[in-house]
Amino acid sequence: MTLYSNIVILTGAGISAESGLDTFRDKGGIWDKYDLMELATPEAFARNPDLVHEFYNLRRAGVQKANPNAAHYALARLEEKHPGNITLVTQNVDPLHERAGSRNLLHMHGELNKTRCLLCGAVSEWSDDLFTDTRCPSCGQAGYLRPHIVWFGEIPFYIEEINIRLSKCDLFISIGTSGSVYPAAGFIQVAQNYGAETVELNLEPTDGKNLFSVSHYGRATEIVPEYVAELIRQD
Ligand code: OAD
């Protein structure tokens, strides 16, 4: 008999750090180098779409070269081995979870490798650079494509579905996220209110550390495989 029937895992930039992708709020992180108000809001895109495309083109090019690390692979292995349900919710826009083999995955902040047409609404796979005059692969019109990324002030994807999964989960695991951005930062409380055990796996204690019933601190490539091995052993 497995201990946990429904596990929800929330990941953030820290899980991809050892794959060479920058986090946001650590020293030298993305929001240290760039002004988020100039790049990651709908207003910024309306004001200066070329600049916003340039920023996401750089990041898109970066993820094409990145490989999943031991932490991504451990979560894919958990999904494969665990007899209960695993829902992986990621705030990350990189494709490393799916490259590692995770399937039951919700990209709540969107995906770098997708574009969305503001005219026809089509979401298309996109791994190249994107420009203001790029044609939509679906409707063929130029000038309407935007990165399929949730910007500040926009509503994350899959929120209803995530809340349903949280209301049913008996284990909630938060990995490599500072817990600074809502609604993701509030998932711990939702899970806790429904009686789930709550675990934080992070490089260092976060501001919300006291909310978690269990915590392990260290590099994701070490602590995530260790924790997953223990879960699988208990199954
Ligand atoms: P942050 O940069 O806010 O937090 C990253 C967390 O990962 C920090 O708590 C670090 O201590 C931890 N960390 C760093 N290296 C690690 C390692 N090797 N192993 C384990 N943990 C490590 O990133 P997020 O919490 O993901 O949103 O940020 C949330 C959202 O803010 C992002 O999705 C993005 C950003 O603005 C959008 O772009 C919409």
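One-based numbering, in listed order, for ligands and for the atoms of each.
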Short N or O distance, [X] and ligand 1, threshold 3.5 Å exclusive:
{"X": "T206", "answer": "no"}
{"X": "S178", "answer": "yes"}
{"X": "W151", "answer": "no"}
{"X": "Q91", "answer": "yes"}

Salt bridge or not between [X] and [Y]? Use side-chain N to carboxylate O under 4.0 Å.
{"X": "E80", "Y": "R77", "value": "no"}
{"X": "K209", "Y": "E200", "value": "no"}
{"X": "E43", "Y": "R47", "value": "no"}
{"X": "R59", "Y": "D94", "value": "no"}
{"X": "R219", "Y": "E204", "value": "no"}

Starting from [atom], locate the nearest protein heavy atom and write down its residue, its atom name and how far away it is, to 0.1 Å.
{"atom": "atom 16 (C) of ligand 1", "value": "G14 O, 3.5 Å"}
{"atom": "atom 12 (C) of ligand 1", "value": "N202 OD1, 3.4 Å"}
{"atom": "atom 14 (C) of ligand 1", "value": "D26 OD2, 3.4 Å"}
{"atom": "atom 21 (N) of ligand 1", "value": "L203 N, 3.2 Å"}
{"atom": "atom 32 (C) of ligand 1", "value": "F24 CE1, 3.5 Å"}
{"atom": "atom 19 (N) of ligand 1", "value": "A220 N, 2.9 Å"}
{"atom": "atom 26 (O) of ligand 1", "value": "A13 N, 2.8 Å"}
{"atom": "atom 28 (O) of ligand 1", "value": "R25 NH1, 3.1 Å"}

The option among D207, T177, D32 carrying the non-hydrogen atom nearest to atom 24 (P) of ligand 1 is T177

Closest heavy-atom approach to atom 37 (C) of ligand 1 among H109, E222, M108, H107 is made by H109

Q. Using the ring of each side chain (for Trp, its six-membered ring), is Y227 parallel, tilted or perpendicular to H216, with breaks at 30° and 60°?
A. tilted

Parallel, tilted or perpendicular: ring planes of F24 versus W31, cut at 30 and 60 degrees: tilted

- prompt: How far apart are the C-alpha atoms of T90 and T11, what are their side-chain angles, what is the distance that settles it, and do they pass the side-chain hydrogen bond (donor to acceptor under 3.5 Å, both in side chains) test?
  reply: CA-CA 5 Å; T90 188; T11 63; 2.7 Å; yes

Rounded to the nearest 0.5 Å, the NE2 atom of H53 sits from the CG atom of N48 at a distance of 10.0 Å

Which of the numbered atoms in ligand 1 are below 4.0 angstrom from a heavy atom of [X]?
{"X": "G176", "answer": "5 (C), 6 (C), 7 (O), 21 (N)"}
{"X": "R219", "answer": "19 (N)"}
{"X": "V150", "answer": "39 (C)"}
{"X": "G12", "answer": "26 (O)"}
{"X": "E204", "answer": "11 (O)"}
{"X": "W31", "answer": "35 (C), 36 (O)"}
{"X": "E18", "answer": "17 (C), 18 (N), 19 (N)"}
{"X": "F152", "answer": "36 (O)"}

Begin from the C-alpha positions of H109 and F157 and carry the test ring pair (Phe, Tyr, Trp, His ring centres under 6.0 Å) through to its verdict.
CA-CA 6 Å; H109 288 167; F157 301 131; 9.0 Å; no

Minimal heavy-atom distance between R25 and S178, with the atoms involved, is CD-OG, 4.0 Å

- With no hydrogens and no angle check, is any side-chain donor or acceptor of E111 less than 3.5 Å from a backbone partner on P95? no

- So, for Y158 and H107, is the gap between ring centers shorter than 6.0 Å? no

>> Checking side-chain polar atoms at under 3.5 Å, does H72 have a donor or acceptor matched by the opposite partner on S16?
In response: yes

Short version for A17: what comes under 4.0 Å of ligand 1, heavy atoms counted, is side chain

| query | For G218, is the nearest heavy atom under 4.0 Å from an atom of ligand 1? | reply | yes

